[in-house]
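Residue numbers begin at 1 in each chain, while the letters A, B, ... track the order of the sequences.
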Number of protein chains: 2
Amino acid sequence: MSAASETSRLEGTALEAWRSYLQSHAAILRELDAELLAEHGMTTRDYEVLLYLAQADDQRLPMSALAERTMLTRSGITRLVDGLVHTGMIERVSCATDARVSYARITATGYEKLRSAGCSHVRSIERLFLARFTPEETQLLSSLLSRLPGASQPGACTAGDAQAPPDCSVS
Amino acid sequence: MSAASETSRLEGTALEAWRSYLQSHAAILRELDAELLAEHGMTTRDYEVLLYLAQADDQRLPMSALAERTMLTRSGITRLVDGLVHTGMIERVSCATDARVSYARITATGYEKLRSAGCSHVRSIERLFLARFTPEETQLLSSLLSRLPGASQPGACTAGDAQAPPDCSVS
DNA sequence: GGATACCGGTTGACCTGTCAACTACACTTG
DNA sequence: CAAGTGTAGTTGACAGGTCAACCGGTATCC
């Protein structure tokens, strides 16, 4: 039980890549979450859900579609949406053709909230992530990461998604 | 409230890179966690803590050092260690020179557990992450990711750290 | 047109981690 | 050395998420 520093299987660069991948993710998301919470009183999850709804046809999506996009479980989404309904940013709408499904629809207030949070959130993402790379590097990084599992989910963006809400194009 | 698909600020490649980054992380970690749990009844956090301890001098570290490395809060670490103590993989040792600090030390059982979990865990990381890139690409990826915030933490590896425990060099 | 199986959503029990408050000790400083 | 300040760790209350069990509704198939 002494050789704890013996050769390890993942060494040098491989280990470094993996470590950077994990740690940067933890650090960036923590920061994004803190900022969004402090400035707009919402979590990145909330933001994400509002964004999906804003982008969807009729500003609404079935619960399961939300679950898929956010990579949460169905029960997780139920609870998250509960919260957003409670604060008036979302409302539930039942489906006319299939009584099982229930839509979440973003409200006018929710939309406003999203818009006001959007700009600063996107700026944060640029500051913490995109600003570290040249356009070519971003391109490269994108192509590398896209090979990883889960990287090309259906129509999904994940927590902290960057696509700005309408009327917030700043480029 | 109609223009939900208007130009968004992060477009094309930038958005893709960010999305892949987030989604792949979620997918990979979920998978790693599930495997480690199924095959060895431990979480990646547990694994991580055991690994840090195994690598440390005298197989022990103060709680706060563990907190730093794992990027958990001090209270988070207290609870995690509580669990590992309960299952006999770790024991607490008080410090002779400073009565405030309490060490966590890996036990022989913990060490065995770590060793038996190590190989398959590392293989999983290779399968889910490293195998997608050539050595040159890994190198490149590593250098890109290292620019991100948090990527060069003190001596830290994060949840799901890949460094294999001793006697498990498989390369 | 039932029986049966599947699907979408919610709920209860629980786990994990946070924050804030607290304890106990250590270090400085007059 | 007494007072004040900082540091290590734990604890209580809670937020956020999972899993498994469930309920109602739809679709299938004989």
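When the side-chain hydrogen bond (donor to acceptor under 3.5 Å, both in side chains) test is applied to A:Glu31, no partner is found at least two apart in sequence or on another chain. Taking B:Thr109 as the reference, B:Thr107 meet the side-chain hydrogen bond (donor to acceptor under 3.5 Å, both in side chains) condition, with sequence neighbours excluded. For B:Arg105, the side-chain hydrogen bond (donor to acceptor under 3.5 Å, both in side chains) test picks out B:Glu91, with sequence neighbours left out. The ring pair (Phe, Tyr, Trp, His ring centres under 6.0 Å) check on B:Tyr103 picks up nothing, with sequence neighbours excluded. With sequence neighbours excluded, the residues forming a ring pair (Phe, Tyr, Trp, His ring centres under 6.0 Å) with A:His25 are B:Tyr21, B:His25, listed by chain and number. For B:Arg79, there are no side-chain hydrogen bond (donor to acceptor under 3.5 Å, both in side chains) partners at least two apart in sequence or on another chain. Evaluation of the salt bridge (charged side-chain N to carboxylate O under 4.0 Å, His left out) rule for A:Asp57 yields no partner, not counting sequence neighbours. Contacts of A:Arg147 classified as salt bridge (charged side-chain N to carboxylate O under 4.0 Å, His left out), with partners at least two apart in sequence or in another chain: B:Glu137.
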List every contact pair, protein side and nucleotides 24-27 of chain C side both N or O, where the distance is under 3.5 Å.
from	atom 1	to	atom 2	distance (Å)
C:dA26	OP1	B:Ala99	N	3.3

Could you list all N or O pairs between the protein and nucleotides 1-4 of chain D that sit under 3.5 Å apart?
none

Would you list the protein and nucleotides 16-22 of chain C atom pairs, both N or O, that sit under 3.5 Å from each other?
from	atom 1	to	atom 2	distance (Å)
C:dG17	OP1	B:Arg45	NE	3.1
C:dT18	OP1	B:Thr73	N	3.4
C:dT18	OP2	B:Thr73	N	3.2
C:dT18	OP2	B:Thr73	OG1	2.6
C:dT18	O4	B:Arg79	NH1	2.6
C:dC19	N4	B:Ser75	OG	3.0

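A salt bridge links B:Arg127 with B:Glu35; the closest basic N to acidic carboxylate O contact falls under 4.0 Å.
Taking atom CG of A:Leu29 as the reference point, atom C1' of D:dG17 lies 15 Å away to the nearest angstrom. Atom CG in A:Leu37 sits roughly 12 Å away from atom P in D:dA15 (whole-Å rounding). When rounded to the nearest whole Å, the span between CG of A:Leu84 and P of D:dA15 equals 15 Å. Rounded to an integer number of Å, the gap from A:Arg60 CZ to C:dG9 P is 13 Å. Between the C1' atom of D:dG9 and the CG atom of B:Asp82 lies a distance of 11 Å, rounded to the nearest Å.
Panel note: side chain A:Asp46, backbone A:Thr43; a donor-acceptor pair is recorded below 3.5 Å.
When the side-chain nitrogen and oxygen atoms of A:Ser64 are compared with OP1 and OP2 of C:dG9, one or more of them lie within a distance under 4.0 Å.
The CG atom of A:Leu53 lies 9.5 Å from the CZ atom of A:Arg69; values are rounded to the nearest 0.5 Å.
Under 3.5 Å, the side chains of A:His121 and A:Thr44 contain no donor-acceptor pair of N or O atoms. With hydrogens and angles left out, the side-chain atoms of B:Glu16 and A:Ser142 include no donor and acceptor closer than 3.5 Å.
Sorted by residue number, the list of members of residues 85-93 of chain B with any non-hydrogen atom under 4.0 Å from DNA chain C is empty.
Within the 4.0 angstrom heavy-atom criterion, base atoms lie near B:Thr78.
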